[in-house]
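Down below is the structure, laid out as structure tokens.
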Amino acid sequence: MASAKSVCVRAGTPADSAAITGLQEAGFGMRYGGDENEFRGAVFPVERSLVAVEGDRIVGHTVDLTMTVTVPGERTVRACGVSGVAVAPTHRRRGILRELYRAQHARTEADGLPLTIFTASEGTIYGRFGYEVAIIDTAVFIDTRRAEFRATTPDPGGVTLETLAEAAPRIREIYERWQKMTAGAQARPDAKWDLFFADVERHRRGATTLFVLLHADGYALYRRSRRENRDIASVWEFRAVTPDAHAALWRVLLGMDLVDTVEAEIADDDPLAYLLTDPRAVQVTHRGDALWARVMDVPAALTARAYRADLDTVVAVHDPFRDAGGNFALRIRDGVAECEPTSRTAALGFDINILGALYFGAHRATMFAAASRITVEDPKALRAFDEAFTTDRAPQLGWFF
Ligand SMILES: CC(C)(COP(=O)(O)OP(=O)(O)OC[C@H]1O[C@@H](n2cnc3c(N)ncnc32)[C@H](O)[C@@H]1OP(=O)(O)O)[C@@H](O)C(=O)NCCC(=O)NCCS
């Protein structure tokens, strides 16, 4: 049996493209459609791939793209967005993923990026490499017969039904406004927009092409299908930059004739249920991780975002996978952080994972202390740390990758 030692990791080349496609299709159990050919490789260029090779055969793969991501305080950070991680089913559990991640981290470090992010296929794999859940989303379905709006819910109107082609420039403009004000959301590169507007067959999963509802400050893109004797509208992307746009779009979505159920993924703190007379009409079908994050450079990452309260403390950060970490002094005044290595004694101690979990504001530090994931030498320091990192709004993923 081959081991990771018989495998070497190198940068991908255009000649590797077909083998990488085959590996990803086997890994994720799907086939790319012919209508995606012209977009393949544009979002994540093969030159950014790392491949694990045994002899002349590619048996493992990862790729990344430098993304611009909004962080609390409406600032941005540059992050390594990892995608397409797959190891051949013939070569699993021999340490190939581990070797790929070592190489990936070395490149991210060389690129000077303070953060690595990705969407994960399973929850059990990445904690050991220093990652933690950084954004949570909630899948809901709404039985439209139960969806009655409260008398206090705004009814601003202003929604029009458009074609995707006509609405494309407005959708891009609204997304950009939304992305700049939403922690966790990434800028969407041109190549990704091209794929998005191509509305390829694989994304439809047997449903229709996209219908478009447009408002001056928001949009809802949805598909229609019929399953188990129900007519369904599945929201593909919903972005609203004002409460009025949010209410106006939901009023149209939940008021459509010949629709029994509306399905959507919403932010953890979306007020949708409270626009309705019966909050139980919004039923949660899944709540889980939308994004995982890992801090690669503690001072660079922590000084990139804003904070809600002043803080003066020392934290001990353990980072065994990269043999990094150490004690860091963190001083925050008026939302702005200074952070540097220190020999002072730490008030709080935790694995590097915790910084990824807290970075965009999806979790509270007190919750991780309750889970015995933060060692607390000084309870006052925990309260102050928690207060500083907490954000007003839940973060949201901009686009899946
Ligand atoms: C997930 C996948 C990439 C793992 O690759 P691999 O080469 O088998 O992983 P490694 O042998 O390097 O494993 C490293 C560690 O992770 C653990 N691990 C790997 N995959 C795991 C899984 N699916 N569940 C739980 N633990 C897992 C290993 O047991 C090992 O643990 P250790 O630290 O105790 O030694 C591979 O199984 C795969 O391609 N799966 C299908 C596609 C997929 O899910 N890709 C990930 C997309 S985010």
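The structure displayed is predicted, hence computed values, not measured ones. Indexing begins at 1, ligand by ligand and atom by atom, following the structure's order. As a basis for the values below, the full set of heavy atoms in this structure was taken, side chains included, without hydrogen atoms, waters or symmetry mates.
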Phe238-His246 aromatic ring centre distance below 6.0 Å: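 Ring centres of His246 and Phe238 closer than 6.0 Å.
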Trp193-Tyr175 aromatic ring centre distance below 6.0 Å: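 So the answer is yes for these two rings.
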Non-hydrogen protein atom less than 4.0 angstrom from atom 13 (O) of ligand 1: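 It does not: no protein heavy atom is found less than 4.0 Å away from atom 13 (O) of ligand 1.
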Under-4.0 Å protein heavy-atom contact, atom 40 (N) of ligand 1: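 Given the 4.0 Å limit, the answer for atom 40 (N) of ligand 1 is no, no protein heavy atom qualifies.
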Proximal ligand 1 atoms for Gly95, defined as those under 4.0 Å from one of its heavy atoms: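 So the answer, numbered in order with elements, is 10 (P), 11 (O), 12 (O).
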Atom indices of ligand 1 within 4.0 angstrom of Arg94 heavy atoms, with elements: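 Numbered from 1, ligand 1 contributes 11 (O).
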Nearest heavy-atom neighbours spanning Ala337 and Ile332: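 Heavy atoms only, the tightest pair is CB-CG1, 3.8 Å.
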Cation-pi geometry met for Arg224 and Tyr222 (6.0 Å, 45°):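 No.
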Phe118 touching ligand 1 at heavy-atom level, < 4.0 angstrom: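 It does not, in that no heavy atom of Phe118 comes within the 4.0 Å cut-off of ligand 1.
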Arg93 contact mode with ligand 1 (heavy-atom cut-off under 4.0 Å):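 Both backbone and side chain of Arg93 come within 4.0 Å of ligand 1.
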Residue part near ligand 1, for Glu99, under 4.0 Å between non-hydrogen atoms: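 Near ligand 1, Glu99 shows nothing, with every heavy atom at 4.0 Å or more.
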His61 side chain to Ser49 side chain, donor-acceptor N/O pair below 3.5 angstrom: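 Indeed, the side chains of His61 and Ser49 share at least one donor-acceptor pair under 3.5 Å.
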Side chain proximity check, Asp278 to Glu148, heavy atoms < 4.5 angstrom: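 No, every pair of side-chain atoms sits at 4.5 Å or beyond.
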